[in-house]
Amino acid sequence: MPATSITPAERAHHERWTPLRATIWIVLSAIAGLGWWMLAVHRGETVNGIWFVFAAVGSYLIGYRFYAKYIQNKLVHPDDHRATPAEYDYNGRDFVPTDRRILYGHHFAAIAGAGPLVGPVLAAQMGYLPGTIWIIVGVIFAGAVQDYLVLVISMRRGGRSIGQMAKDELGRFGGIAALVATLTIMLIIVAILAMVVVNSLAASSWGVWSVGLTIPIALFMGFYLRYLRPGKVLEVSGIGVVLLLLAIASGRWIENTAIASALHLGRPFLAWAIILYGFIAAILPVWMLLAPRDYLSTFMKVGVIAMLAVAIVIVRPTITTPAITLYAHTGAGPVFSGKLFPFLFVTIACGALSGFHATISSGTTPKLIEKESQARLIGYGGMLMESFVAIMALVAAVCVDQGVYYAMNSPAGATGNSVEGAVAYVNSLGLTGVHLRPDQLTETARLVGETSVISRTGGAPTLAVGLATIMHQLFGGPAMMSFWYHFAIMFEALFILTSVDAGTRVARFMLSDALGNFWPRLKDHSWTLGSWLMTGIMVAGWGSILLMGVTDPLGGINTLFPLFGIANQLLAAVALSICLVVFARKGHRWRLLVIAVPMVFTAVITVYGSWLKIFSPDPKIGYWANHMTYRRAIAAGKTQLGAAKNLDEMHTVVTNTAIQGSMSILFVVCALIVMVVACIRTVQTLAGRPFADTEDPALPSRIFAPSGLVASPAERSLERQWDEFYTAHPDLDLEHHHRQAKATPEHETAGAS
């Protein structure tokens, strides 16, 4: 058999420094520095959108080339002679070696849900600068580090979930707290992802039509690639992209037809539809719907973000939103309540650091990755791309007229869901330079092809308006704004639905691992009945939270998104805590600061945010304060209060705030237990106390795959050797390699790595 990896000398030759390469990095550094200077230091009445692109792209490339490379060389030490779980546990269903380009698409599509789209749009309330700094700096030193390291440690432990790894590393007490935290946090995360889809598709027949068509398109791609034309990735991708564009364009054709009327759906109906979809998508084989849909949506996601970035560079939109608004200091914003610290960080959530990503990096991705050296591209690189999505979402949001922005993102209880009410409310805020007129709202709605844009909370509609505002200046003019708006809506829904189905599948893995400690057969992911049962339990959990949100008089997303952000960041702190313990046991000391610094920062933010959500006396911030306000109002005989217009809605607020407040307490208590136990274990390890190694035994790899997105000359040469080998031995396949690897004596596997 040919070699399973290129030699260290060949890799070093490919990565050597040359004068041209050094010049390129000097130029990139200068561009990034200029972008940061114009955004953070230079002060004027306006700022050009082009500087966001320069600062972000330059910073990402530098972070990936230098910081991620440092982590790979000093902490990870990838070994391509060692088989990954996708190879040695191959089952054709959940464990399948997947081409790194397709897996990059799947991983990116799975992690890039509502957070990078919604969080930055909501955080624009505080100005453009705080969000920009946290999104870019946070991802390089925190978010991408977490995703990369969790993928590595899960890959070396058979693809185990983050909750199960916590139990293995922290013992029974810390492990149970981690399992409870991860499972319950997953429920709120997936529910919020689904809620954003509901809010963006409600009463939008064009959006429902286009998004609905992506399901049969993805199924067609899955069967095409598996049975009709195996291996023809580019071919099926081209077909999928064409069908996707037709799905968007055909939305205009069905307007004013009976189909459009039938698809004009309300939020509760859409919620039930997504619950059903989540269950079915999570039980189907990964090749049938999940992988092709993610791959297809990645073309759309990366393509749209790249197109938006190019449009920003060409159009150079002028941004009048202040660098920092008064709401960053007062915390009394109409979009969400709370000051910059800590609520900016928990609102932006996935764009810079996301605990949800840890569940994907220890869920589907480690079961699909071909080689250990690919983890930097997929884990660290995938998160950088998501951060760029967040930056583009922020730019699109701050390009929208501020008056229109606040009219769209304020809850219906404040605007009265009418043009007159929205104008009166926004103008009453006393914002400098904001003088909203009724014709601005009606004209915006007309241009984007919607009946109204008032109180379209959730961030997705605002992002769609911002994208349409930029793109129509480059392609089509005002007449194309409705196309670009609905294009963006479908783009966002694709983003989020891929996270809903991937999140549900990962939640099923997590629950199976947890309950498998009591009923071992549940850990067998090939057991169909067990998989269906675990999926049904998790779908019922997040589905009930989704239904609670869509019927919430306070706007659902406005009250639940802070809980989502805090839960998400708490899960990130838990994941980083586990990484800290694992790499401490590898003998690292000062290099642990790479993990410890973002872990401590995240812990401070989330624990403080949780404290405010639980104990703040301000009803706009504290769940229990809000709960008691409505309870006292009901006891006093009132029949309406704030956004609740009748007694039933008041009782709904009482119930919802009690649930949200209780979940806040559960999340922070479990996360604190995990972090404290992890710190104790780390100190014990550094003091020399021995602990059992939880890594799976090394098995020799019998396949080859390149490391980066683009194969080096040495890797291409080795690929050709493997193609010739398989041509000469057509009887060999992955199942054969799987059986051989399992039969290899232990002393041979030990020497293989």
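Because the structure is a prediction, the values reported are computed rather than measured.
- Using bins of under 30°, 30° to 60° and over 60° for the plane-to-plane angle, the ring pair Y67/Y70 lands in the parallel bin.
- Ring-plane geometry between Y60 and F388 is classed as perpendicular, the angle between the planes exceeding 60 degrees on a 0 to 90 degree scale with a lower cut at 30.
- Side chain of R21 to backbone of R16: a donor-acceptor contact under 3.5 angstrom is found.
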List the steps, then state whether ring-ring contact (aromatic ring centres under 6.0 Å, His included) holds for W36 with F54. CA-CA 8 Å; W36 279 113; F54 287 176; over 10 Å; no

Verify side chain to side chain contact (heavy atoms under 4.5 Å, CB included) between F691 and Q684, making sure each step is shown before the conclusion. CA-CA 9 Å; F691 288 95; Q684 291 173 336; 3.4 Å; yes

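- Side-chain contact between L61 and L384 is absent, with no heavy atoms from C-beta onward closer than 4.5 Å.
- In this pair, F52 and Y128 present their aromatic rings perpendicular. The plane angle is above 60°, beyond the 30 to 60° band.
- With hydrogens and angles ignored, the 3.5 Å screen pairs no side-chain donor or acceptor of T606 with any backbone N or O of L570.
- Side-chain N or O atoms of K339 include none that pairs as donor or acceptor with a backbone N or O of A328 at under 3.5 Å.
- Side-chain atoms of N568 come within 3.5 Å of backbone atoms of F356 as a donor-acceptor pair (strictly under, hydrogens ignored).
- None of R585, R160, R681 except one satisfies the salt bridge (Lys or Arg N to Asp or Glu O under 4.0 Å) rule with E169; the exception is R585.
- Under the ring-ring contact (aromatic ring centres under 6.0 Å, His included) test applied with W134, the options F341, F343, F601 reduce to a single match, F601.
- Side-chain contact annotation: D168 with T694, donor-acceptor N/O pair under 3.5 Å absent.
- In this structure, a donor-acceptor pair under 3.5 Å is absent between the side chains of E372 and H77.
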Given D99 and Y104, is the side-chain hydrogen bond (donor to acceptor under 3.5 Å, both in side chains) satisfied, shown in steps? CA-CA 8 Å; D99 184 282; Y104 180 90; over 6 Å; no

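- In terms of heavy-atom proximity, H14 sits nearest to P713 at ND1-CD, 4.1 Å.
- Applying the side-chain contact (heavy atoms from CB on, under 4.5 Å) test between P85 and each of R156, M155, K367 identifies M155 as the sole match.
- Counting heavy atoms from C-beta outward, K69 and E15 have side chains that approach closer than 4.5 Å.
- The shortest distance between side-chain heavy atoms of V668 and I566 does not fall below 4.5 Å.
- Considering only heavy atoms from C-beta on, L672 comes within 4.5 Å of M675 through its side chain.
- For K586 and E695, the salt-bridge test passes: some basic side-chain N is under 4.0 Å from an acidic carboxylate O.
- For the residue pair T7/E10, the side-chain donor-acceptor check at 3.5 Å is satisfied.
- One N or O on the side chain of E715 and one on the backbone of S712 form a donor-acceptor pair closer than 3.5 Å.
- Between D80 and S707, some side-chain heavy-atom pair lies under the 4.5 Å cut-off.
- A 4.5 Å side-chain heavy-atom check between W51 and L34 finds at least one atom pair inside the cut-off.
- At least one test fails for R376 against the ring of Y148: distance under 6.0 Å to the centre or angle within 45° of the axis.
- When side chains are defined from C-beta on, I140 counts as touching S59, because their heavy atoms get closer than 4.5 Å.
- For the pair T365 (side chain) and S361 (backbone), a donor-acceptor distance under 3.5 Å is absent.
- K371 and S701 form a side-chain donor-acceptor contact under 3.5 Å, judged by distance and modelled atom types alone.
- No side-chain heavy atom of F704 sits under 4.5 Å from any side-chain heavy atom of E370.
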